[in-house]
Protein chains: 2
Amino acid sequence: MVDDEPQIVRALRINLSARGYSVLTAHDGTTALKAAAEGKPDVVVLDLGLPDLDGTEVIAGLRGWTTVPIIVLSARVDSVDKVEALDAGADDYVTKPFGMDELLARLRAAVRRSAVVEGGDAIVETASFTVDLAAKKVRRDGVEVHLTPTEWGLLEILARNRGRLVAQKQLLQEVWGPAYAKETHYLRVYLAQLRRKLEPEPAHPRHLVTEPGMGYRFEP
Amino acid sequence: MVDDEPQIVRALRINLSARGYSVLTAHDGTTALKAAAEGKPDVVVLDLGLPDLDGTEVIAGLRGWTTVPIIVLSARVDSVDKVEALDAGADDYVTKPFGMDELLARLRAAVRRSAVVEGGDAIVETASFTVDLAAKKVRRDGVEVHLTPTEWGLLEILARNRGRLVAQKQLLQEVWGPAYAKETHYLRVYLAQLRRKLEPEPAHPRHLVTEPGMGYRFEP
DNA sequence: GAACTTCCTGACACCACCTTGACGCGCTTC
DNA sequence: GAAGCGCGTCAAGGTGGTGTCAGGAAGTTC
């Protein structure tokens, strides 16, 4: 969040923090570029009327090394300014005064877009095997392990809820469908198969743990 | 370009065509969705006040199968409308009346962004063949291999997602269109053709791998 | 208008996967 | 201590997904 007007910085910080964002602030272009390089933000909100650098210079300075979404704030309504900022590399341009709801929505849109690009950070590791949720791959001691669709469906849910208990009903409904909520036998068969393929000692599972009567838990 | 007001469509068509864009137009939501499925646009400009469908319905209809950038046009200034459209999956929201310069700049920004997403290394190499995504060419042992448009469409998606599993549904929707999401037979035929042209042992594919029940994977 | 390419469709064999049943074990309950 | 329940294991049958081949329709080029 880059702005030289303290009240705007303050308002945004409160709103963003309340929604679970962590916020880095800078009050001029130079510190903004430095802070961005160190903090690796997921999105940049940039006011154009900074005391030291011109808005397009800040944008260019960021675009030199990152494709992080940049949302420009500005009091200038003139379309020339908008075109300049957007062509310099900004992703969006919001004119002051702006509604907080709108800015937040544009923020969400920008983050959503870049989340699609990255995507690859979905790797869950345990002592004996690795689950790559984006590529749908499982490796054990470096070699790829082949899983059937049903096996993968189960493992994916457990891995996405790693550390948490997942109810039998939830697993059955999400993998087999709502009509199969009581076929707990399926779970026993497929959990056994997963353990045989992934656990060092299938008879004494360390990562795919049964919680009797309740469900299963993935322990990373 | 989706709008029910002829004069706006006309103005935009002239401006965009003059700048080298090729323009598809639709005057309501239903035809827009159909045209998008067939035409595979690089960016969608969508007016919200359509006669048949609600704006968010059109956005949802597109987002069901594509991540194409959507720029919303609307006469409504209310921030609730903006938030709704953006959260439904729109990338940008421009209120009427708008400056043509600004819209064009936002268009450029949207296209630039999605170009980055697609980007990546333009050349993908395997032990037995090379895919040049920029030039749309495939070479095997130095000599160029001719692919049909459909074959190339499949190979391109797989190559851009190299290493990752691509679902059957995604391949079908992106190559043949949303209506063909269940024609898995097409995939079998065309994957067989690609393997015959590219794999050293078509019967035992090493790079165009099937994951039964789930999809296909390109292994570099 | 003929030759060619490309796409779609159908038939068939094969194999992996899902489902289902039977059985043994350990824990809780009475 | 017996009975019942939940869980893990193993094996077998059926079926649905996959690869392959070939023929015809539609469109393109010369």
Side-chain angles (χ1 to χ4, degrees), chain A residues 136 138 144-158 165-169 171-177 179-217, chain B residues 37-38 40 136 138 144-156 158 165-177 179-218:
Chain A
K136 289 199 199 294
V138 184
E144 197 172 317
V145 180
H146 175 75
L147 297 186
T148 72
T150 311
E151 287 163 3
W152 173 259
L154 270 180
L155 184 62
E156 183 173 11
I157 297 175
L158 290 170
L165 172 70
V166 184
Q168 296 182 344
K169 197 173 150 191
L171 287 170
L172 287 164
Q173 287 183 339
E174 294 200 24
V175 176
W176 281 272
Y180 294 77
K182 297 192 172 174
E183 302 282 350
T184 58
H185 188 50
Y186 292 4
L187 291 179
R188 290 198 283 282
V189 174
Y190 279 94
L191 259 298
Q193 285 180 11
L194 280 173
R195 283 167 181 154
R196 188 150 18 90
K197 288 184 177 180
L198 301 177
E199 291 273 4
E201 297 175 82
H204 304 285
R206 281 207 286 267
H207 305 110
L208 298 168
V209 188
T210 303
E211 300 280 350
M214 307 178 64
Y216 294 84
R217 183 199 309 277
Chain B
E38 288 167 7
K40 305 278 170 56
K136 290 194 191 291
V138 185
E144 192 174 319
V145 180
H146 173 73
L147 296 186
T148 71
T150 310
E151 286 164 2
W152 172 258
L154 269 181
L155 185 62
E156 182 174 13
L158 290 170
L165 174 70
V166 185
Q168 298 180 344
K169 196 173 151 193
Q170 184 187 342
L171 288 169
L172 287 163
Q173 288 183 337
E174 295 200 21
V175 176
W176 280 271
Y180 293 80
K182 297 190 172 176
E183 303 283 349
T184 58
H185 190 53
Y186 293 5
L187 291 179
R188 291 198 283 282
V189 174
Y190 279 92
L191 258 297
Q193 286 179 11
L194 280 174
R195 283 168 181 152
R196 192 149 11 94
K197 288 184 177 181
L198 302 177
E199 290 273 3
E201 297 176 82
H204 304 285
R206 281 207 288 265
H207 306 109
L208 299 168
V209 187
T210 303
E211 297 282 352
M214 301 199 283
Y216 294 85
R217 187 197 305 279
F218 185 104

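So that the names make sense, note that chain A is the first sequence line, chain B the second, and so on, each numbered from 1. Remember, predicted model here, so these are calculated numbers, not experimental data. Scope of the values below: all heavy atoms of this structure, side chains included, with no hydrogens, waters or symmetry mates.
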Please confirm whether the backbone N or O of His204(A) pairs with a side-chain atom of Glu199(A), one donor and one acceptor, at under 3.5 Å? no
Which residue lies more 5' along DNA chain D, comparing Gly213(B) with Val189(B) via nearest heavy atoms: Gly213(B)
Distance check: side-chain N/O of Thr184(A) vs OP1/OP2 of dG6(D), anything under 4.0 Å? no
Whether Glu183(B) side chain and Leu172(B) backbone form a donor-acceptor pair below 3.5 Å: no
Nearest whole Å is fine: how far is dT9(D) P from Leu208(A) CG? 12 Å
Tell me if a side-chain donor or acceptor on Lys169(A) pairs with a main-chain N or O of Gly215(A) at a distance below 3.5 Å. no
To the nearest angstrom, how far is Arg195(B) atom CZ from dG19(D) atom C1'? 8 Å
So, does Arg195(B) use its side chain to make a donor-acceptor pair with the main chain of Leu208(B) at under 3.5 Å? yes
Between Met214(A) and Arg196(A), which has a closest nucleotide on DNA chain D that is more 5'? Met214(A)
Before giving the answer on side-chain contact (heavy atoms from CB on, under 4.5 Å), spell out for Glu156(B) and Lys136(B) the whole-Å C-alpha distance, their side-chain angles and the decisive distance to 0.1 Å. CA-CA 8 Å; Glu156(B) 182 174 13; Lys136(B) 290 194 191 291; 3.8 Å; yes
Using a cut-off of less than 4.0 Å, is there contact between a side-chain N or O of Arg188(B) and OP1 or OP2 of dG19(D)? no
His185(B) or His146(B), whichever maps to the more 5' nucleotide of DNA chain C: His146(B)
Does dT18(D) have OP1 or OP2 under 4.0 Å away from a side-chain N or O of Gln168(B)? yes
Quickly work out the Glu211(A) CD to dG8(D) P distance and round it to whole Å. 11 Å
Taking any heavy-atom pair under 4.0 Å as a contact, classify Tyr180(B): base, sugar-phosphate, or nothing. nothing
Would you say a side-chain N or O of Tyr186(B) is under 4.0 Å from OP1 or OP2 of dG19(D)? no
To the nearest 10 degrees, how far apart in direction are the end axes of the helix from dG1(C)-dC30(D) to dC30(C)-dG1(D), each fit to five base pairs? 40°
Under a 4.0 Å heavy-atom criterion, DNA chain C is touched by chain B from dT6(C) to dA11(C)
Separation of dT18(D) atom P from Leu194(B) atom CG, nearest Å, is 16 Å
